[in-house]
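A note on names: the letters A, B, ... follow the listed sequences, proteins ahead of strands, and every chain is numbered from 1.
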Amino acid sequence: MNVHQTLNRAQHEAASHIDGPLLVLAGAGSGKTKVLTHRIANMIETGSVAPFNILAITFTNKAAGEMRSRVNAICREGGSVWVSTFHSLCVRILRREIHNLGYDSSFTILDADDSLRLIKKCLDELNINDKMYPPKSMAAAVGRFKDQMITPEMASRDTPESDFRMANIVDIYKLYSRKLRQNNSLDFDDLISLTVRLFTEYPDILEGYRSRFRYIMVDEYQDTNAAQYELVRLLSERHGNLCVVGDDDQSIYGWRGADIRNILDFEKDFSGAKVVKLEQNYRSTRNILEAANSVIRNNSQRKHKQLWTDSGDGCKIGLNQAASDREEAAFVAGSIAKSRQDGGKYSDNAVLYRSNFLSRAVEEELVKAGIPHRVFGGTRFYDRKEIRDVLAYLRLINNPRDSVSLLRVINVPRRGIGEVTMQKLEAYAASVDKPLFEVFDELENADVGRQSKKLREFREMMVRFHSDAMNYGVAELLGSVLEQTGYIEELKLEATEEAQGRIENIDALVAKALEFEQHAEEPTLAAFLEELALVADIDSFDADADAVALMTIHSSKGLEFDSVYIVGCEEGQFPSYRSLVSETPKELEEERRLAYVGITRARRRLTLTSAFRRWVRGNDVYNRVSRFVREISDDNLENVKMDNQRVDAKHDESEDTTLKSADSKPAERTGISRYAEINKVRNSIDISFGGKNYMQGAKRAADAATREQLEFKPGDRVRLMKYGVGTVLDVKDAGADTELTVEFEGAGKKKILANLSKIKKVEE
DNA sequence: GAATAAATTGTTTTT
DNA sequence: CAATTTATTC
């Protein structure tokens, strides 16, 4: 069989280059998955490579599954090719080898939420103020250390005495690492960095995997971080048969440590590398492609690449500027309903957004319109409280040293063991340097008084679970946990609709466990937990179900739809507020790449929508239309509105609401509140006229009025609940809000958003 | 000492 | 708005 029949010249060139390093720069929609699968088939069919020697690394489990089935479809022996994500590859290696690094192979995999809890514990224990060292930033800082394979010792050595702040962060990193080890737990970043460490410290183990993985392929290479780079380098160094595929314009995980230099420097790092560019796009119409190109053009650091297509113009890109998030959502729902009437399928449509909360309004309107849809991301099924609770029991059974899980379930359902008791126990455990669960054996030393009876009962229950785990399957064990802990019982007693929903979710987990027992290669408890820890929501994406897909642009990477709606195209929303206040243009450029990814998901129709007024966690916010919309040429755009909507009516309604809400604000928010209202009106005026500055004069007048109203100026004394009293150093306009740089007494220098934080002036 | 009610505060994106 | 921290009641 000639597998190259359907490939174009560049695709063929990439698919037939088997030995030596190869970089495929694959623009969006240029058929890179096809190239990868054909390349694998080609290797196997020409008999030059055994399937067993091929490793393909993808970004999500879903992409892995898809590649596996596509390889199988074109080639009989495809089944023994190892296709997986970085994370699952590493887990499989670590389960076999991690004893070399002093861990037990039943290690727990902590997700982001678990590691945040552990970070908070570290802050507590070190007496570090969580206002000055926010746990989330600390978790991110620790993550970046690990991405770059900087150990606590290295970090400590490289930190000068004078850098007080960094020294504290390193202390947190040290303690966090120690706790992880003591808990026999690994976080996501550990999975990669410990594998690298294993390979570095044990060359013979590395050698084993090298001889196994003689041909390596990495998809989405632009999103790899330093540790992943190192892993790939170690594995491929000897034979040099490394093929990476990626697109620097689609690098959207910089915040997770992904280093765009990995792809930019590939030719330098792997000498003799062949480079193939795939520039013909087979996915989208010309209007869509031109829009994508004219947006991404505004970025500075890129490899030169110009996507082109020989398909037709297609329809123009729709632009809907709605008055509110509700109207925006109603527009999307109406538009999808209409396309359905015209004979389309629901599953041809996707609604994409920058952040998860933006799905809310759209969801509600879709429900109202009776349109079937699926939401991916946000709170995943496995993130629900009841599921996490129950899974924590299983994790604790699997790995009794897992203190994070122990603390989660010790009083769930309530059994009268409270915070004070656990604090005493933790203090004692820390003093004898033992995992928490182990000191349940020596309660008499821990000063917990009469609480020790309850603690002992808990311990005995866990022992029973342990023996259940030896004798029964995962589903039965789960049943035993649900019964003995009384978890379901308590929910039944609550007898609310919410509790009923939780019971249903738990039932779904039991069903999942049953299914797992029947189909898993190795139906152990550890394997079950591992599978749940590493699934992404998008992995369950089912293209066959006739439903509209709702997801973040991040999740949509690698997917394509006939018709795509990108909602929330507003400054501060997309690009995100964070990228706008950032000092460097780096973050904004990543937002722009994200816009590029979003736009290029569409095959035939793209609609961008924005809302003048958006309800964001209990507050109205007013933002201008996104710069990314403005970067698209008018030639490719057309305004679209709801079918049965009168334009004047819309304007009347929006002005009216704006003014009314201004009047009804409480009087105490004087200066700043007036400023905010004026700013809101100013923005909405600006947008009402298509953002084309018809109102230059009026806008300047408004600006002047604003400046008069602006209460904050450098030198002002202000108070904020969280940080106390401070002095304003700098005032800066940031979209609809005002950014103040304030020196707080005791808490140091902070950047504060005046409106959002409700900061107040102190009269002296 | 634990359970519950009230106050406060946070802003992305995910393996 | 919702999750988490802090104050109050049992």
Here the distance between atom C1' of B:dT15 and atom CG of A:Leu116, to the nearest Å, is 17 Å
When rounded to whole Å, the CH2 to P distance for the pair A:Trp255 and B:dT13 reads 8 Å
From CZ of A:Phe357 across to C1' of C:dC1 the rounded distance in Å is 11 Å
| request: Using a cut-off of strictly less than 4.0 Å, decide whether A:Thr552 has a side-chain nitrogen or oxygen near OP1 or OP2 of B:dT14. | output: yes
- Message: Taking only side-chain N and O atoms of A:Lys424, does any of them lie within less than 4.0 angstrom of OP1 or OP2 on B:dG1?
- Response: yes
In whole angstroms, the gap separating P of B:dA2 from CD of A:Glu419 amounts to 9 Å
Stacking of A:Phe59 on B:dT15 base (centres under 5.5 Å, planes under 30°): no
From the candidates B:dT14, C:dC1, B:dT15, the one with an atom nearest any side-chain atom of A:Phe188 is B:dT15
Closest to the 5' end of DNA chain B, once A:Ser576 and A:Gln451 are matched to their nearest nucleotides, is A:Gln451
Pairwise C1' distance for B:dT13 and C:dT4, with rounding to whole Å: 22 Å
In whole angstroms, the gap separating P of C:dA3 from NZ of A:Lys120 amounts to 13 Å
Taken to the nearest whole Å, CD1/A:Ile417 to P/B:dA2 is 9 Å
Separation of B:dT14 atom P from A:Gln228 atom CD, nearest Å, is 16 Å
Note to self: So A:Glu590, base contact, sugar-phosphate only, or nothing? Heavy-atom distance under 4.0 Å.
What the structure shows: nothing
*asked:* Heavy atoms only, 4.0 Å cut-off, all strands: where does A:Thr421 land among base, sugar-phosphate and nothing?
replied: sugar-phosphate
Here the gap from A:Lys62 atom NZ to A:Glu66 atom CD, rounded to the nearest 0.5 Å, amounts to 4.0 Å
Item to check | Ring-face cation contact, A:Trp82 with A:Arg92, 6.0 Å cut, 45° max | outcome: yes
query: With a 4.0 Å cut-off on heavy atoms, is A:Phe574 in touch with a base, just the backbone sugar-phosphate, or nothing at all?
result: nothing
Taking every heavy atom of A:Gly568 against every heavy atom of A:Glu328, the minimum-distance pair comes out as N-OE2, 2.8 Å
Pairing donors with acceptors under 3.5 angstrom, does anything connect the side chains of A:Tyr428 and A:Asn445? yes
When rounded to whole Å, the CZ to P distance for the pair A:Arg360 and C:dC1 reads 9 Å
| request: Determine: side-chain N/O of A:Ser555 to OP1/OP2 of B:dT13, distance under 4.0 Å, yes or no. | output: no
- Message: If only side-chain N and O atoms count, and only distance matters, is there a donor-acceptor pair under 3.5 Å linking A:Thr552 with A:Ser555?
- Response: yes
Ordered by number, residues from residues 405-415 of chain A within less than 4.0 Å of DNA chain B (heavy atoms) are A:Asn411, A:Arg414
Pair A:Glu386, A:Asn505: side-chain N/O donor-acceptor within cut-off below 3.5 Å = yes
Review point. Which part of the nucleic acid, if any, lies within reach of A:Lys385 when heavy atoms closer than 4.0 Å are counted: base, sugar-phosphate only, or nothing?
Key: nothing
Whichever of A:Arg578 and A:Val420 has the more 5' nearest nucleotide on DNA chain B, that residue is A:Val420
Please state whether the phosphate of B:dT13, meaning OP1 or OP2, lies under 4.0 angstrom from any side-chain nitrogen or oxygen of A:Asn356.
yes
Between A:Gly618 and A:Arg117, whichever has its closest DNA chain C nucleotide further toward 5' is A:Gly618
- Task: Answer yes or no on whether A:Arg256 is positioned over the face of A:Tyr253, meaning its NZ or CZ is under 6.0 Å from the six-membered ring centre and within 45° of the axis.
- Result: yes
Testing B:dA2, B:dT14, B:dT15 for proximity to the side chain of A:Tyr253, the answer is B:dT14
Heavy-atom nearest pair, A:Ile119 first then A:Ile172, reads CD1-CG2, 4.3 Å
